[in-house]
Amino acid sequence: MNVAGFIFLLSLHLGVFQIGYGRNASTRPAVVNIGAMFNFDSIIGRVAKIAIDEALKDVNSNSSILKGTKLSVTLQDTNCNGFLGMVEALRYMATDVVAIIGPQCSVVAPIISHVASELRVPLLSFAATDPTLSSLQFPFFVRTAQNDLYQMTAVADIIDHYGWKEVIAIFIDDDWGRNGVSALNDKLAERRCKISYKVGIQPDSSVTQGAIMDVLVKVALMQSRILVLHLNRRVGFKVFSVANHLGMMGNGYVWIATDWLSLVLDSESPLPSETMDKIQGVLTLRQHTPDSDGKRAFFARWNRITGGSPQLNAYGLYAYDTVWLLAHSLDAFFNQGGVISFSNDSRISSMAGSALHLEAMSIFDDGVLLLKNILLSDFVGLTGPLKFNSDRSLILPAYDIINVLGTGIRQIGYWSNYSGLSTVSPETLYTRPPNRSSANQKLYSVIWPGETLSKPRGWVFPNNGKLLRIGVPNRVSYKEFVSQVRGTDMFKGFCIDVFTAAVNLLPYAVPYKFISFGDGRKNPSYTELVNKITTGEFDAVVGDIAIVTNRTRIVDFTQPYVSSGLVIVARLEKERSGAWAFLQPFSRRMWIVTGSFFLIVGIVVWILEHRINDEFRGPPKQQVITILWFSFSTMFFAHRENTMSTLGRLVLLVWLFVVLIINSSYTASLTSILTVEHLSSSIKGIQSLAATNEPIGYQEGSFAERYLSEELNISRSRLVSLGSPEAYALALKRGPGNGGVAAVVDERPYVELFLSSQCSFKIVGQEFTKSGWGFAFPRDSALAIDMSTAILALAENGDLQRIHDKWLMQSTCSLESTEIETNQLNLSSFWGLFLICGVACIIALFIYFLQILQQLPPAPESASITGQDSSHSRRLRRFLSLMDEKEEQSRSGQKRRKVDNERDDEFGS
């Protein structure tokens, strides 16, 4: 509002309200004046007027609150008009009011808040829910109801709970409607959802059904079927009426109305049947007020006073509690020495005596103290705890979630800022730790529009005559996967057939057109192709698109329809057997372990046979030769020595079994090496390839170039771009010394198709990345989800394999494996046998040593005199000598020692 208009209003409405300067009252005045401004002719206003009157009666009759001071409220009807609201606010400033209850409408609140802040008069609104009414901009504005920010959070949680990603918002085109939808958009974005289309409707009642029909016709052509209505009563029911006429209240649609609908249902129930028929299945929210004895008593009292018309609603309860909030705050204000006094604003005192009479504008001296006590309030009212957080919002915001059904409503759950969606009341949840996990978000079943229990999909393919623009790479090689039909806009190939088969399985029609990407002379960059989705040039991309990390950050992919990964293709050369070919069957580690076990088994058998078998006795040199001869002669089962001990025979039996297996494997492998023609490559895998300085080929346009250079740190100067299978073959045949490449790195599907006709090349090493091919769509695309389901169905019914066989089973080479692996036998194939043999040796030695220990004679008693150390050394020497003695000598020696001990005992006695 411009300055001239503002001064005119001051002159017109304040000129007749001249008051004195510096009016003061006693600390506890007899009467405290309060203003109240709202729309008397609205649902909220009619209920609030009665609720405020009842609250005044209760406060003034309770001597414990204000201790003799009475509250006096002056009501003014603003009709939700900003002009009238400002006029009434200015009039209040000339009548010594210490606070104003209201305004009701959010569009009036900012105008009045400016005046209230300048004159330090607290403004307590029980119905202005605009989320942009902040304490920073309007320090004397206090909201005693729930902030619409929490209501929009509840709506966003409901949408996210059912898995919908896009919504359409229809709102009243004023500050309240626009700011509410803006808050909803922010909360949806936090959940990776969005408002795909929003449209405002004129806030006055003069809006015609024709204008609403134009809006809904546009909405019906959109993809989303989730509609959020942030309207008032008059416009809201017109929207439902037109939507019902257009068939938009049937299957597939979801309508979510903010609390304006629950307000009507609570206040005017039952509504006419023709009105209820138009809102069947709609979800709406209602500010939650906990059940209590005081609330039930007030409802009974309300029905006695009004006879049930108008019916009490949540805003009436908040209006009642607002009066009590002000009464408690004034009581604390007086207890702290607050004085109701007013003084002129020095900034306008110079205008005294003018025709405008601006001196009537006075400031509430202790308004800041009263505001402080209001914000520090902490008591329980009919609406629950009245306490403010740091943002000046009521603590513990919560909403009831209601489903319109039949002739009434059905509550399907609650939303609270504490724990989200729940079928349990917020008061119960407050006694538990907060839990916002997705598993804890629950609602009862909903009867959706069309009287169905099945959750609507939430979107359809838009029937707006537009075709889905699908980018397709115009390849010049490997055209079996995708290629453009010459002279037409049509495409063919394996990828195209998979896409069309998946589209045919969708439960709805998808009109689309293919758009070629590339100049037709070389393969296009697939990264650039995918980026076209983010710029809006394409709605999707179909083709042999690899699913890699940097692409998944900007688009969504379907379920992979082909497994892929990078592999190495190299030229094969005939492997010639040399003078040392007999060593090739075993790996180096296998030779070492095998030789070690020959020696170990020989030593174990010698230990077990040495005492009882003369063939394992003799001079030390002869015994060493015996061990070596016996060990290695078992390789050919040519050992001459007989084993006499049971333990020795057991170990030898196990070892001969191991030797049998090793001999057979060695013979078979060596025979294969010497008699079968072998093809080999010097490159064994990606590590050996990266370690060289030889050039590496890759397919033009493939992500392999980025992977090799950025992930494996291979210099780009080594990378050679190849555009066709023929270029692959030519570069590999030339080799790195003649301007060719040492190997080609490409994705497995391309390589398998290449090798089906090029038999002199093979895959070397293992696949060193794991990925797949999919179709690309914009982020959070619902079509991508349905296409993934269709691709899985193709895989399950066998159609995907049949399409693969149609395009890619064209091999002219032998059916041998296309992968080259080493022919050497590794230790990993035989470790089980060596383990069994080792365990047998250990067990045999353990039993043998126990037997030796049992044959050791006990130490004589006189040995304790010579000390413990010498006793241990003698015992060890005796143990070793006993192991070296022949068993018959050992037994006779034991008998002689026994007789000597008996003689010593007799002599001693």
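These numbers were taken from a predicted model, which means no experiment stands behind them.
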Aromatic ring pairing [X]/[Y], orientation class (parallel under 30°, perpendicular over 60°, tilted between):
{"X": "Trp415", "Y": "Tyr399", "answer": "tilted"}
{"X": "Phe141", "Y": "Phe138", "answer": "perpendicular"}
{"X": "Trp176", "Y": "His230", "answer": "tilted"}
{"X": "Trp164", "Y": "Trp448", "answer": "perpendicular"}

Taking only Lys NZ, Arg NE, NH1 and NH2, and the carboxylate oxygens of Asp or Glu, determine whether [X] and [Y] approach each other closer than 4.0 Å.
{"X": "Asp157", "Y": "Arg436", "answer": "yes"}
{"X": "Asp58", "Y": "Arg301", "answer": "yes"}
{"X": "Arg120", "Y": "Asp366", "answer": "no"}
{"X": "Glu54", "Y": "Lys49", "answer": "no"}
{"X": "Asp160", "Y": "Arg191", "answer": "no"}
{"X": "Asp780", "Y": "Arg192", "answer": "yes"}

Verify whether the ring centers belonging to Tyr318 and Tyr320 lie closer than 6.0 Å. no
Please answer whether the main-chain N or O of Val264 pairs with a side-chain N or O of Ser267 as donor and acceptor at a distance below 3.5 Å. no
